[in-house]
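Structure record follows, encoded as structure tokens.
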Amino acid sequence: MIHGSLAPVESASWQTLLANSITDPKQLLRRLDLPLELLAPALAASADFALRVPEPYLQRMQPGNPHDPLLRQVLPVGEELFEHPGFSLDPLGEQTSNTQPGIIHKYHGRLLLIVSAGCAVNCRYCFRRHFPYDDNVLSTDEWQQALEYIRADASIREVIYSGGDPLAANDKRLAWLTREIAAIPHVRRLRVHTRLPVVIPQRVTDSLIDALCGTRLPVTMVLHCNHSNELDMPLGAAIQRLRKAGIILLNQAVLLKGVNDNADELEKLSEALGDHGILPYYLHVLDQVKGAQHFHVDDISAQQLVGTLLGRLPGFLVPRLVRETAGEPSKTPLYPQLDCR
Ligand code: SF4
């Protein structure tokens with residue numbers, strides 16, 4: 001065992017927490033009193049996709065438990081290095097939709113902006129773990145070109161801030177970008193996909209809310225929360241601030257083996273989201289990205305799980321089970337299988 005202690009985070013700024021994230025597998029194991037035999041595979045797997053976990057997220061993990069569902073989402077493991085047929089570097093074919101730096105234009109009427117190449121946490125299941133972020137760090141001219149792309153296409157009604165994690169960008173950048181987009185008459189909505197408030201709730205500040213909500217555009221925030229243990233009190237307080245600001249809150253989870261692939265946990269997650277006024281929007285089956293095969297849950301099991309949820313929860317708390325397939329014009333629904341016993 002490697003031993004260590006937990007540090008306080010209450011008074012730290014989000015920038016400090018982000019900058020001080022743990023990136024060394026040995027430090028992570030030490031902090032959580034985990035067995036040293038996990039270190040060699042963690043080092044090998046993190047050479048391909050780095051470890052990154054911020055303190056407020058770490059503090060929700062159970063020390064001494066190598067199967068903790070939050071730890072499992074961030075700990076590099078040896079299985080990531082195995083080759084599996086069907087698992088690829090770019091499972092959603094995004095590199096063909098990355099038509100110019102900063103833009104991914106896949107679906108009619110909406111477009112993704114890569115607002116930040118960085119994330120506060122590196123999720124081992126991430127479908128963009130091999131994305132060429134270095135080609136999507138924009139210069140001032142490239143930002144203007146990205147905005148020009150939106151201005152020139154009147155079919156774009158919704159701009160989606162994505163990344164990396166878009167909230168890793170500073171508030172000045174977000175405020176500028178939001179004002180520029182709001183000045184484009186055909187854009188009607190702004191959506192923000194983020195995991196940052198989940199892992200660093202301190203990211204939700206008055207300044208962030210002003211940056212996102214200071215224009216005519218209605219704002220929807222899609223949080224990426226995968227397990228009920230992620231919904232702690234600091235996150236609850238952050239969510240209340242977002243709700244007070246009038247931001248519509250949805251959640252998108254990924255169905256992950258060993259994390260949330262059982263009906264009891266999925267029910268608990270939906271109930272916890274409901275308690276905070278967040279609608280469970282999507283439950284994604286895993287995108288088949290190389291290195292994430294150990295999280296895979298087969299379709300039948302996934303459909304049965306959501307069928308079980310239908311019998312336990314009101315319809316508005318049952319997420320839609322979907323798959324994203326490269327080249328398809330939308331996400332594909334997978335219909336729940338009802339338990340008829
Ligand atoms: S926060 Fe989102 S983009 Fe970043 S590693 Fe996690 S899943 Fe991927």
Side-chain angles (χ1 to χ4, degrees), residues 14 17-18 21-23 25 28 45-46 48-58 60-61 69-77 80 87-92 94-95 97-98 102-104 106 112-137 160-169 191-204 221-227 230-231 235 238 250-260 269 281-296 322-324 331:
W14 71 269
L17 293 165
L18 186 64
S21 294
I22 290 180
T23 54
L28 176 67
S46 62
D48 184 41
F49 180 46
L51 166 75
R52 172 172 285 275
V53 54
E55 184 72 34
Y57 194 63
L58 178 80
R60 282 168 256 171
M61 298 174 193
L70 276 53
L71 174 71
R72 185 163 165 83
Q73 295 178 62
V74 300
L75 179 67
V77 294
E80 294 179 34
F87 284 76
S88 65
L89 296 176
D90 181 19
L92 305 186
E94 287 198 318
Q95 286 169 39
S97 313
N98 190 202
I103 285 182
I104 297 178
K106 289 192 276 196
L112 295 181
L113 269 186
I114 308 284
V115 176
S116 164
C119 288
V121 62
N122 280 353
C123 313
R124 308 314 297 177
Y125 55 85
C126 180
F127 68 90
R128 290 201 186 123
R129 53 183 286 169
H130 308 288
F131 189 79
Y133 283 117
D134 288 349
D135 301 338
N136 285 275
V137 177
I160 303 171
Y161 288 175
S162 185
D165 196 307
L167 297 193
R191 197 187 328 165
V192 182
H193 274 251
T194 179
R195 190 154 159 74
L196 220 153
V198 177
V199 298
I200 305 181
Q202 291 82 344
R203 177 63 185 100
V204 178
M221 185 175 285
V222 183
L223 294 169
H224 293 197
C225 204
N226 295 319
H227 194 278
E230 294 176 348
L231 282 149
L235 178 55
L250 305 175
N251 187 64
Q252 171 172 297
V254 184
L255 184 60
L256 299 167
K257 189 173 179 181
V259 174
N260 58 12
L269 174 61
Y281 171 42
Y282 279 144
L283 178 63
H284 272 261
V285 295
L286 182 76
D287 298 313
Q288 298 202 340
V289 66
K290 187 171 179 294
Q293 48 278 357
H294 54 295
F295 289 114
H296 177 71
V322 290
R323 159 175 294 118
E324 186 163 341
K331 297 183 199 274

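Values below: every heavy atom of this structure, side chains too, minus hydrogens, waters and symmetry copies. Note that this is a predicted model, so its numbers are computed, not measured. Order of listing sets the numbers, starting from 1, for every ligand and every atom in it.
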- Please write down residue, atom name and distance for the protein heavy atom closest to atom 6 (Fe) of ligand 1.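 In this structure, atom 6 (Fe) of ligand 1 has Cys123 SG, 2.4 Å as its nearest protein heavy atom.
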- Message: Could you check whether any side-chain heavy atom of His227 comes within less than 4.5 Å of a side-chain heavy atom of Pro69, counting everything from C-beta outward?
- Response: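 Yes, at least one pair of side-chain atoms sits under 4.5 Å.
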- Query: Tell me, do Val289 and Tyr125 make a side-chain contact under 4.5 Å, heavy atoms counted?
  - Reply: no
- From Cys119, does some N, O or S atom reach closer than 2.8 Å to atom 8 (Fe) of ligand 1?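 Of the N, O and S atoms in Cys119, none lies under 2.8 Å from atom 8 (Fe) of ligand 1, which means no.
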- Given Arg124, Arg52, Arg195, which one has a non-hydrogen atom that is nearest to atom 1 (S) of ligand 1? Arg195
- Considering only NZ, NE, NH1 and NH2 on the basic side and carboxylate oxygens on the acidic side, decide whether Glu230 and Arg60 come within less than 4.0 Å. no
- Does atom NZ of Lys257 have more than 12 heavy-atom neighbours from other groups under 6.0 Å away? no
- atom 8 (Fe) of ligand 1 protein-contacted, heavy-atom criterion under 4.0 angstrom: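 Protein heavy atoms within 4.0 Å of atom 8 (Fe) of ligand 1 - there is at least one.
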- Take every heavy atom of Gly164, measure it against each atom of ligand 1, and state whether any distance is under 4.0 Å.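 It does; at least one heavy atom falls under 4.0 Å.
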- Which ligand 1 atoms are under 4.0 Å away from a heavy-atom of Cys126?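 Contacts of ligand 1 toward Cys126, numbered from 1: 3 (S), 5 (S), 7 (S), 8 (Fe).
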- Could you verify whether a donor N or O on one side chain and an acceptor N or O on the other, from Arg191 and Ser162, lie under 3.5 Å apart?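 Arg191 vs Ser162: no donor-acceptor pair found between side chains.
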